[in-house]
Each structure stands twice: as C-alpha cells, then as structure tokens.
Amino acid sequence: MLENLNKTYDPKSFEDRLYEYWNENGYFKANVNKEKKPFTIMMPPPNVTGSLHMGHALNNTIQDILTRWKRMEGYEALWLPGTDHASISTESKVVEKIKAEGKTKEGLGREKFLEEAWEWTHLYGNTIKNQLKKLGVSCDWSRDSFTLDDNLSKAVEEVFIRLYEKDLIYRGDRIINWCPSCETAISDAEVEHEDSNSFIWYIEYPIKDSDEKITIATTRPETMLGDLAIAVNPDDERYKSLVGKYAILPLINKEIPIIADSYVEMEFGTGAVKITPSHDPNDFEVGERFNLGQNIIMNEKGFINANGGKYEGLERFVAREKIIEDLKKEGYLKEIKEHENAIGHCERCSTIIEPLISKQWFVKMESLAKPALEAYKNGDINFIPERFGKVYVNWLENIRDWCISRQLWWGHRLPVYYCESCGETIVSRDEITHCTKCNSEKLRQDTDTLDTWFSSALWPFSTLGWPEKTPDLDYFFPTDVLVTGYDIIFFWVIRMVFSSIEQMGEVPFKDIFLTGLVRDSEGRKMSKSLGNGIDPLEIIDLYGADALRFTLVTGNSPGNDMRFYNERVEANRNFANKLWNATRFVLMNLDEDVATKEFSIDELQEEDKWILSKLNETIKDVKHNLDKYELGFAAQRIYDFIWEEYCDWYIEMVKSRLYGEDERSKEVAQKVLLFVLKDINRLLHPFMPFITEEIWSHLPGDKGALILAKWPKYRSEYSFETTEKDIEYIKDSIKKIRNARLEMEIAPSKKSPIIFVTKDSSIEELISSGERYFKNLASAENVIVKSSKEGLDGENIAVVLDKAEAFLPLKDLIDFKKEMERLEKEKEKLEGELKRVTSKLLNEGFVSKAPKKIIDEEKDKKQKYEEMMDKVLERIDNVKKNM
RNA sequence: GGGCGGUUAACUCAGUUGGUAGAGUGUCAUCUCGACAAGGUGAAAGUCGUAGGUUCAAGUCCUAUACCGCCCACCA
C-alpha cells in the first residue's frame, strides 16, 4: 500500500511548484553538447508590453510539446524565449501614457521620451513571461532575449550596413503608406484593406482655349488639388483629339496636360483619370513616365498644406466635403455614384492610410526574394499544412521594395549620418565625429528608426550571438521548426527566410508549423473591442494548465481555426482526473517490496500481454504522429490508450488477481500496472507536463524528474498478436453479454452462470481459461463450456457470438417478449450485413478486380454472419415455443 | 479580379496511401460494484452541401455548382 496521492486532482496544488522545480534545477537549459544532436525552436517573441492571449497559449503549447518530446528523445533541446520591442505599438502606448500626464512626445524630446519607454518596458516586460510560465513552457530563460538588447541591436546595425554596402538598401522619394495618426511611414504588409461602401465623383475639367470639356471619375476628390495631368488610354477614340491639349484644374485654375498612357482602362468610369503623382501609387508611376514632377498637398497629420490654396489647414476629409461643395456650386460636379472599394487602413490604429510621396529608406527586394523562393521550391523549407506554401510564393513573386524607416523614436535608430556641410550620407558601424568627405564636424544622425520586423527578421541568428561566430550559433543554427500563426507569414516568416539566406547562407528553419486562430464559442475572432476574448489564465485557474494545453492541441488540425469553449477544457480536466485516480488505484494496490521488481515475460498472464502489446502499438503510433507534427492524433491516441485500454479494460481485468489468493499472479499484475503507468506518463508528459511530473514523483523506482526521463521505445519482445486477438474476442463477448443483460433490464447484481456452447476447441479453451474475466466483467457466477446446447432451449437469455453461443439461465427474471424484441433486432442487423456482403461478393467486378485480401475478408465475414444468423433464427423459434 | 479554407450525429470537430463513418459534449436507460459521479455500463443519433464523373469500391480522387469564411490585388 503505497498510496500517497491526494484524493482529488487539484492542479493548483502542484503546477506552480513544479514549474519552479524544473526551472530552478536548470532542466530547461540547453548547452552546446557535441554528444547529442541539437533541436532548436525560437519562440516568436511576443510584444514586450503585451499580455497572454489564446493565440500565444496555442503556439507556445505546441512548441513546448515538441521541445519536451525531443528533450526526452535525447536531443539537446533549445527553446529560446524572448520579447519584441514592438516599436509602433509600444510607442503609441507610451504616448498615451504621457498624454494622460499632460505631456507630449515633442515636449519631452527624444531622450526623455525613450527613458519613459524603457520605464514602461521594465514595468510590463515581465508580465507576459510570467503568464507563459503558467502554461508550463520549458524554454531556456537564461537565454531570454529582447530585440533591443545590445547584441541584437548590433546585429541589426550590421545587417543594415551590409545591405547598404551591397546596394540593397537605398534612400529615396517614393510613394509610401503614411499613417496620419501614427505619423509614420508603414510597409505594405502593415496596410489592411477593407471593403467599404463609398462614392465615386464625376468631375468636369474644362479644356483650355476651347468649349470642350473632359470628365474624370475619382474616389478621392480632395487629391485634385495636387493634380498634375489628366490621362486617357492611347487607344481611346473618344479622347484622341484632346491628347496634347491642356485642361484647367477647377477651383485652382491651373493648366494641366492631357496625356495618353496605357495604364488607363477605357471601360472604367469615363476613361479619363486625373493624375496626382504625390498621392497615389499609380499616378506616381505615370508621373515618372511623363516627368510631371511632384505637388504635395498634405502634411504628416493629414491636413492640406500651402499647395492647397484656400483649402490649406483643412483636415483631409473636411477638405473633401468642402471641395465637393465648391465643385457643385461652380457646376463642375457632374455625378455622384455609389461605389465599393477597398480602403487601406493602418494595421495598428485603423486610421485610413494616405499614400504619400516621402523620403524613406527601402530594402531592394528582388535579389533577396529570389533565393527565398528557390528555398521553397527546393524543399529546404516545408509548410505544415502544405497549402501555405502557395501564400508564401505568391507574396514573394509580387513583392515590392520594403520601406524600413519609421518616423518613430522607440526602436533601432538608423546608423546613418548626414554631413551638414557637404551633404554626404555616411553609414557607419561606429559613432563618427567627422565627415568622411569634407572632414566637417557638423554631422547629424538620421532621426528615423527601423521597422520592428527588421530586427525580428534576424531573430533566429541574432539571438545566438551573430554577427560573432559563436559556438551556440554553430551548434543550434539552423533551427528545426518555427511555430507561428498564418497571419504573420508576410510580416515575419518570409523576412526571416530571406534575411537568413542573405546573412547566414542558409534557411533559418526546415519546417514551418502554422497554427490557426482560436475563436470564441460562436466562431467569432477574439478581440478587445468585442470583449469576447477568453483569458488563458482564467482557464488555467479553473481547470489547470494541462487541461488547457490538451484542449488546444486536440480536436483541430494545423492551420485551421478552432472554436474554444469551456466544456472541452472540462472534458480534458476530467481526463486528467481519470489518470489521477487510476494512479491512486495502482499505488494503493502496490506492495512496497514489489515496486522495484521487474517482471519476466514467462510469468505474464493473458491480459498482461495484451496491455503490453497495446502499449507497444501506442508508442509506435505516437512516434509516427509526432514525427509528422500530428500532435492532435498523438494526443488522442494517448488519451484513448489511457482511458479505454488501460483504465476501462486492463485495470478491470486485473482486479480479480489483485484481490485474489495467487500471490505470484498478484505480484505480476502489480508490476505490469506500474510498468505501463510509467510509460503512460512518459508519453503524456509533453502534452500534460504538470500532472505527469506530479504523478511521477510519487511512483516508486526511477529517481529523477520525468522531464528528463527517456522517451518510450517500441519493444518488439512485447508484441503478442495472438494474445491480442484472444483478448479482443473475450472483450467482444463480454460487451455482447452486458448489452443483452442491459436490454433485458437485468441488474448487474443479479448474477447467473454463463453457459457457453461451442464446437470450436480453441474457443472452448479460450473461454475456459478466461473464466475470471466473465465473472468480473459480465456478472458471471461461473462459466461452463459445452459442445452441445441440449437442454438450454428453456428459460435463458441467449447471446450469439462468433463461433459460439452464451446462455444465461435467469429463469423468471426473463421477459420473453423483450427477449424476442432483442433477437429480432439482432436478426435485422445481421440481415443488413449479409445483404451488403453478399451483393459485394456477387459483383463480378469486385471478385475479379479487388485485392485478394479484401475478398477473403468479405468471404470470412459472410460465413460468420451466416452462422450467427442460423443461431439467431433457431433461437427465435425456441423462444416462440416458450411464449 | 485572383487564391485558399470550410460544408460529416442535436452542438463542436477528427477522419493520415479510396476498402463496411469516429471522438468529446449533449440526450436516453441503468448502476452508490473495494481508483474515479470530474465515474461505470449500455443505447439512440449521420442521404458525409448539391449534381455529375473516374473506380470493383468515393467522406476520401476529378469536374461543375451553392452557401459560409479568410487572404491577396494600384480599376481611378
């Protein structure tokens, strides 16, 4: 009697304690170890000031499962954690904070503002890490990284300079996406397009020195202030005579040329387009082709500037209203139509993006994208699920240069200096005091910072010490798998791939495991504004981290969204409870002196062999599933083995031995119970680390933590095919007898002998030797096996089995009407099966073309069903006589 | 305009080379039997969106189509 577990499963009583235990003993740490193969995962760094949501819980659970599994398999498993400075997001939070204190960014100045930001970071920077610990993440905290750490910043600077030196970074006036609220440029990836119902305005422009007019259609009338031309398609007969002439820009009274460019589609609108090179990406290109120059009419806050004449000072949408009003008043507005179009919004603050010409820094993408594309085509990187490969390819094939400069302060400042005397641009690793060209001391550093994703793109190697040639980098890089949401393929995955190929000469990871979204129980996206977010910490508090983890990896497949509802977590908590109680059972029936002994194969009983054989299959299947990242299958397989095979059958079968007189048999049962339980905990540990470690600490033998234990291996000596079949036959018979008793409404307490009739000697032997199973599990008083059913036609319940019949003499407890109904149902079922099998076997095509194995199986079935049918019919006749 | 995903039991979802449809929850019946009522035992429940096709055999492969959802895109 070794039982020393609490009576009920209470995750709160040990989860935090165990995390401390693992962490303080350094079990999460990974070091260069040439004896072992490395396994590396880089945690996608959450925003430093963020807090844990279900998305984090999902992908960190997956990473933890993989890491724990590989660690147990004997790999030197490194899971490197960290956080991202999240420039735009953090900066806006800090701006809000100081605003509440009556301060502004400009008022504070760069230095003071950054002090505030650091303070904010230190205040909230540990929140998410502590929350992650609640989940049980086994990452190496001694390597915790932050994108603004000195060494990571050094990597950023180095990459910038290298790209600049290779001419892959340039500065120029380009149309970029400008957020008037964040007051910074953002990249294409950071723009979210949203369909909206708007209008299209038809505006008439008079032609110079003529009575003719030309009507254009526009969705953004305010930009007309910056018009530098009108364009028509060169093939458009309607406008051929106007090309080369000038139009008068209404309200502004400025002459603009009418040009012909094939970009204009004749079918859309009126076939004539106003060209505003400074405020539209397409118009910008047309402007370049025709040397139209620039005319910027808006400032950084989205207000009309001096170039807008009398509209100067108006906010862009106020200006729109005013302009429409004026156009109407002066008769230029011909028509307004409803129009649906996709409007770009800032990914961060949802403000409508303003395409703007601006001097920014860009990464030239063409030569970087090419090898990234090849890496996929060569199979150097794999997507799980595969379909996301297409998304990757599509983005890379249509990629445009990456705008990397941000008009923000929180981030990596560009290592770029300008000489105020000669105008030289100097890109330098070191702080410089003199202009390299004119030796002037009048230098100023570029005030911009880099896109956050510029630094996270280097995460897989910057965290390992690059650009230094460190042993860590040599050993742990490239990493094995990246686990992240499909929504950041563009932001992050692609940029890591090309950055790594460029700097390291190889891909940063082999596999990319993409998770879906965790939605609420109604299938809605969890969001702050809807207030429907489910807090992982609350779930952990209610059901424990293990139940949450299990819920997140089962019942869904990679890359697909899942709905989250508490009932599922509850079911998994119940599963944990089941294991907990099974353990209690094993421990309370385990004699101390048996605990450390091993069993030998020749002393095993049938059910021992059966469970060991089943365990073996489970080990094989789980390994197979995990190798293919099928975590859900693996988890389900372990769940079924524990609940159905170990608890419902093995434990029940073994009870008669534990409570019996045969000391030797009892001992073997105890040893097998413990042996299997240990493997169960090993298998389940990556999925449910807390409960398994807690149980492990109470099991005798194996000293040491489960987290470091060996992963179970398939043992060919524990495969017993014949025994498996025998036990399955017994199980099947027991189920049929139970079913019959329940349908006849006979309480389990009403026991009876079970008389088996069979002409098959192997079945006879099997049933005789399995008497205790029937006694324990099918309410049998005793078991009798006969070869003839003489004298059994009377007051019995008859259960038809494969190659046998079972009779339960329950006499007056039997309601023959019910017995008849039961038999009729059985008959119907068999008729259906027989019909199916027979027609299949009569099908010429099937018999001539199907594999022999399948045909033989069908033939066997047919024979079996026929035999059973005969018995059922015979029995029906007998019952009729009795009624 | 392109691309992708979903449509399977009342609900939420699995379904790994095509070979008699599975789980959890819920429902019904039953059981205080020496681990567990967060449990045991058993039951009912599916035209696998629709229409074609390939095949001896299709939830699974192909072609259309409907509905729901997502992503990408410079028709002003």
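The analysis underlying the following values was restricted to heavy atoms, covering all of them including side chains, and did not include hydrogens, waters or symmetry mates. Chain letters run A, B, ... following the sequence lines, proteins first, then strands; residues in each count from 1.
- Taking atom C1' in both B:A57 and B:C61, the straight-line distance is 13 Å, to the nearest Å.
- A:Asn556 has no side-chain polar atom (N or O) that falls below the 4.0 Å cut-off from OP1 or OP2 of B:A14.
- Mapping A:Ile651 and A:Lys829 onto RNA chain B by nearest heavy atom places A:Ile651 at the nucleotide closer to the 5' end.
- No side-chain heavy atom of A:Ser278 sits under 4.5 Å from any side-chain heavy atom of A:Ile297.
- A:Asp561 and A:Tyr486 share a donor-acceptor pair across their side chains, judged by distance under 3.5 Å alone.
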Using a cutoff of under 3.5 Å, can you pull out all pairs of nitrogen or oxygen atoms linking the protein to nucleotides 23-30 of chain B, with atom names and distances?
from  : atom 1 : to       : atom 2 : distance (Å)
B:G24 : N2     : A:Tyr565 : OH     : 3.3

- Note on the structure: Contact string for nucleotides 69-76 of chain B, one letter per nucleotide 5' to 3', B = base within protein heavy-atom range under 4.0 Å, S = sugar-phosphate only, - = neither, reads ---SSBBB
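- Nucleotide B:G19 holds its P atom 16 Å from the CD1 atom of A:Ile855, rounded to whole Å.
- Between A:Lys825 and A:Phe575, the residue whose closest nucleotide on RNA chain B is further toward the 5' end is A:Phe575.
- Contact between the side-chain N/O atoms of A:Tyr659 and the OP1/OP2 oxygens of B:A35 is found at a separation under 4.0 Å.
- A:Tyr865 has its OH atom 10 Å from the P atom of B:U20, to the nearest Å.
- Taking atom P in both B:C67 and B:A29, one finds a spacing of 43 Å when rounded to whole Å.
- Look at CG on A:Asp856: it is 18 Å from P on B:G19, rounded to the nearest Å.
- Between A:Phe774 and A:Ile730 the shortest side-chain heavy-atom distance falls below 4.5 Å.
- Nucleic acid contact for A:Ser848: none, since no nucleic acid atom lies under 4.0 Å from a heavy atom of the residue.
- Applying the Watson-Crick and G-U wobble criteria (two distances, each under 3.5 Å), B:A64 pairs with B:U50.
- Using the six-membered ring where Trp is involved, A:Phe199 and A:Trp201 have ring planes that are tilted, between 30° and 60° apart.
- Here B:C36 presents its P atom at 6 Å from CZ of A:Arg584, a figure rounded to the nearest Å.
- In this structure, the separation between CD1 on A:Ile275 and CD1 on A:Ile256 is 9.0 Å, given to the nearest 0.5 Å.
- Listed candidates were B:U16, B:G42, B:C56. Nearest to the side chain of A:Pro851 is B:C56.
- In terms of heavy atoms, A:Arg495 sits closest to A:Ala189 at NH2-CB, 3.9 Å.
- For B:U20, there is no paired nucleotide, since no Watson-Crick or G-U wobble pair has both relevant distances below 3.5 Å.
- Spacing between B:C62 and B:U55 at atom P, rounded to whole Å, works out to 16 Å.
- At whole-Å resolution of the value, CZ in A:Phe564 and P in B:C13 are 13 Å apart.
- Using P as the reference atom, B:A58 and B:A66 are 26 Å apart when rounded to the nearest Å.
- Checked against B:A35, B:C56, B:G15, the side chain of A:Glu652 finds its nearest nucleotide in B:A35.
- Counting to the nearest Å, the C1' atom of B:U17 and the NE2 atom of A:His624 are 11 Å from each other.
- To the nearest whole angstrom, the two C1' atoms, one in B:G39 and one in B:G34, are 15 Å apart.
- B:A9 and B:C48: their P atoms are spaced 10 Å apart (whole Å).
- Remark: A:Glu828 does not engage A:Lys825 in a salt bridge, criterion side-chain N to carboxylate O under 4.0 Å.
- At whole-Å resolution of the value, CG in A:Asn843 and P in B:G19 are 17 Å apart.
- Contact check, A:Arg563 against B:U12: a side-chain N or O comes under 4.0 Å of OP1 or OP2.
- When the P atom is used for both B:U27 and B:A64, the distance is 45 Å, rounded to whole Å.
- Nucleotides B:A51 and B:U60 place their P atoms 13 Å apart, quoted to the nearest Å.
- In this structure the side chain of A:Val273 never reaches within 4.5 angstrom of the side chain of A:Ile216, judged on heavy atoms.
- When the side-chain nitrogen and oxygen atoms of A:Lys390 are compared with OP1 and OP2 of B:G2, none of them lie within a distance under 4.0 Å.
- Across the protein-nucleic acid pair, A:Asn560 atom CG and B:U12 atom C1' stand 14 Å apart, rounded to whole Å.
- Under a 4.0 Å N-O distance rule, the pair A:Asp856/A:Lys852 qualifies as a salt bridge.
- Ring pair A:Phe550/A:Phe575 is tilted by interplanar angle, where 30° to 60° counts as tilted.
- Qualifying side chain to side chain donor-acceptor pair (under 3.5 Å) partners for A:Ser187, counting only residues two or more places apart in sequence or in other chains: A:Glu190.
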